[in-house]
Amino acid sequence: MDGNLNMIGYGLAAIGPGVGIGLIFAAYISGVARQPEAQGRLQSIAILGFALAEALAIIGIALAFVL
Amino acid sequence: MTDHIVVAAAVENPLGFVPVEFALSLVTFGILFFLIWKFVAPRFEQTFAERTQAIEGGIAAAESKQAEADAKLAELEKQLGDARHEAARIREEAREQGARIVAEMRETAQAESSRIVEHGKAQIEAERQQAITSLRAEVGTLATGLAGRIVGESLEDEARQSRVVERFLTDLEAQNGTTTGSVN
Amino acid sequence: MTMKTGITMAAEGEGYVAPGPASFDFSEVPLFELGGLAVTKPMVQLVLGAVIVFAFFYAAFRRASIVPGRLQFAGEAAYGMVRNSIGRDIIGSRDFAKFVPYLVALFFFLLINNAFASIPAIQFPTFSRASMAYALAGLSWVIYNGVGIHKHGLIGYLKLQSVPSGVSPVMYPLLVPLEFFSNILVRPATLALRLFANMFAGHLLLILFSTGGLFLIEYGGIGYVAGPLAWVLAIAISFLELLVQFLQAYVFTLLNAMYISGALADEH
């Protein structure tokens, strides 16, 4: 078995954003379930939050390759 | 395969910057954007606007038709109302006229009947007078004859005869003045 | 390094060569040369993608009429989807119109290039070449910052992007650099890397499951069970990839629209 320690680090680092994205969409889904007419507004907010949370994972993958 | 592996041994970093690809991507996308902006977007917006206008025009036409129909309906209803009014007026007039005619007829009939009654009365009076006159003559002759027979005296003289009868009748009338009315 | 070890093993004719970044490197196997410049498969795909997008829209709107034909209807549905649900809903009906061509071109350019990963005989996502994704992200960075500076002026724009509203000034020393970092510096990097990483990882998974399945079947033994199973998984992942391809094109365009709308926002 061989591999790169960077990738293990990245796998660990991706846990945080993964949980964050899950929380964001969980909140989005329950929000839409409670108030379906607010979907349009919620969707853009959810995608923005998703982008911000995912940014961390993306920074992680960049560093995993660069370091 | 071996060649490829040897190549792969010096593999680049996947995040590495390749100027050619960067430039090509920019240029290709730039050209695509320009073409879309120049040829596609204006046509889409134009078609979209035309369609919107067509639909709105259709709606406007339909609205004007609707308004026209409404106006026509209102007019017809007004005409119908007028006609009803007119009919009621005519009916009323007819009723009045009928009543007037009936009244007139009644009046005429009454007049006629009274006229007939008058006429009858007059005729009866005339006949009565005639009867009285003839009776008077008859009574004179009969009485004279009867008296002549009874008294046996000659009463041939006309003048005397009539004088005697006149006197007798006058006496009779004076005696029975009240009963003359019931002769009829 | 993983690759080196794997390659050494393969060179010795034993074991499985795991797919890695080498699977995405075409620099040594150019399709042809053009003016001394090696033209690789992703470059051809990039141009082909642009040609397909333009050809589709041009054909759809060449004889645009009020009552659309089938092709025009498809073109209008596609154009209208980006125009209305991304452009108008995010940027706002006041000034979305001048960004619509950009958003439409971007979305369909990304979509077709991502879809190349699943189109037989091509089967390579163009934007798994990071430099190409950098270009689009860099362009969007220039556009949204340019739009913001044009509207608010440089100082006003920096203030808009860096100074959060509804926070006491005591927090400014902490928040202003963070906001600046997040809104000005990180955005283009995440845009490019999100697209790249999704395409890269998806394609890598597909290669892994297909070539791995083949290797297992050739290996024999338990591989006769595991190999076909890997191929079934590869098919399932292909469908997941179709979703991801669309989603990445959509998210990239949507975030572009959001950044533009944020740059155009009135000062608070």
Side-chain angles (χ1 to χ4, degrees), chain B residues 1-70, chain C residues 1 3-4 7-8 10-11 17 20-25 27-29 37-38 40 42-43 46-47 49-51 53-54 57-58 60-62 64-68 72 75-76 79-80 83 97 100-102 104-106 108-109 126-136 138-139 193 196 200:
Chain B
M1 196 66 193
T2 319
D3 286 353
H4 198 86
I5 287 157
V6 170
V7 164
V11 71
E12 57 166 12
N13 188 321
L15 287 176
F17 184 77
V18 183
V20 178
E21 290 182 351
F22 185 87
L24 182 76
S25 184
L26 265 188
V27 169
T28 312
F29 181 71
I31 291 170
L32 177 65
F33 165 70
F34 175 77
L35 291 174
I36 296 269
W37 175 74
K38 182 85 180 164
F39 295 110
V40 174
R43 279 193 204 168
F44 176 86
E45 297 296 340
Q46 190 193 344
T47 317
F48 200 70
E50 273 171 11
R51 184 170 307 146
T52 311
Q53 199 170 14
I55 290 168
E56 274 173 0
I59 288 170
E63 271 172 358
S64 80
K65 281 251 160 61
Q66 180 72 43
E68 209 172 292
D70 282 352
Chain C
M1 282 291 286
M3 285 320 299
K4 278 175 187 163
I7 287 152
T8 324
V17 188
S23 309
F24 296 85
D25 186 2
S27 57
E28 299 298 327
V29 280
L37 212 69
T40 60
M43 298 184 189
L46 198 73
V47 176
V51 169
V53 171
F54 179 67
F57 279 114
Y58 189 73
F61 290 110
R62 191 162 45 109
S65 60
I66 290 175
V67 181
Q72 192 192 339
E76 277 180 13
Y79 191 100
R83 177 185 184 272
V100 168
Y102 168 65
V104 169
L106 186 64
F108 290 102
F109 186 58
T126 318
F127 288 105
S128 62
R129 299 292 303 163
S131 303
M132 294 179 174
Y134 294 159
L136 292 189
L139 187 66
L193 289 174
F196 155 75
F200 183 87

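Computed from a prediction, not measured in an experiment: that's the story for all the values here. Because only heavy atoms are used, hydrogens play no part in the values below, and waters and symmetry mates are left out as well, while side chains stay in. Quick note on labels: first sequence line is chain A, next is B, and so on, each numbered from 1.
Here Phe48(B) pairs with Phe44(B) under the ring pair (Phe, Tyr, Trp, His ring centres under 6.0 Å) rule; sequence neighbours left out. Not counting sequence neighbours, the partners of Tyr58(C) by the ring pair (Phe, Tyr, Trp, His ring centres under 6.0 Å) test are Phe54(C).
Ranked by heavy-atom pairs shorter than 4.5 Å toward chain C, the options Ala41(B), Gly16(B), Gly30(B) are led by Ala41(B). In terms of non-hydrogen atom pairs under 4.5 Å with chain B, the most contact-rich of Val104(C), Leu46(C), Val47(C) is Leu46(C). Taking Leu106(C), Thr126(C), Leu37(C) one by one and counting their heavy-atom pairs under 4.5 Å with chain B, the maximum is reached by Leu106(C). Among the candidates Tyr102(C), Phe109(C), Tyr79(C), the residue making the largest number of heavy-atom pairs closer than 4.5 Å to chain B is Tyr79(C). Among Ala130(C), Ala135(C), Ala38(C), the residue with the largest count of heavy-atom pairs under 4.5 Å with chain B is Ala135(C).
Phe200(C) approaches Pro14(B) most closely through the heavy-atom pair CE1-CB, 3.7 Å. Of all the heavy atoms in Thr47(B) and Glu76(C), the pair that sits closest is CG2-OE2, 3.8 Å.
Ring orientation note: the planes of Phe29(B) and Phe33(B) are close to parallel, at an angle under 30° on the 30°/60° scale.
By a heavy-atom distance cut of under 4.5 Å, Glu50(B), Arg51(B), Ala54(B) are the residues of residues 49-66 of chain B near chain C, going up by number. When the heavy atoms of residues 18-27 of chain B are compared with those of chain C, the residues falling under 4.5 Å are Val18(B), Val20(B), Glu21(B), Phe22(B), Leu24(B), Ser25(B), Leu26(B), listed by number.
Contact annotation for Phe127(C): only side-chain heavy atoms (C-beta onward) come within less than 4.5 Å of a heavy atom of chain B. Contact of Glu45(B) with chain C is made through the side chain alone, with heavy-atom distances under 4.5 Å. Only the side chain of Leu193(C) comes within contact range of chain B, with heavy atoms under 4.5 Å apart. With a threshold of 4.5 angstrom between heavy atoms, Phe17(B) approaches chain C through its backbone and through its side chain.
Note: Arg43(B) CZ to Arg62(C) CZ = 9.0 Å, rounded to the nearest 0.5 Å. With values rounded to the nearest 0.5 angstrom, Ile31(B) atom CD1 is found 7.5 Å from Leu35(B) atom CG.
Within the 3.5 Å criterion, the main-chain N or O of Leu15(B) finds a donor-acceptor partner in the side chain of Tyr134(C).
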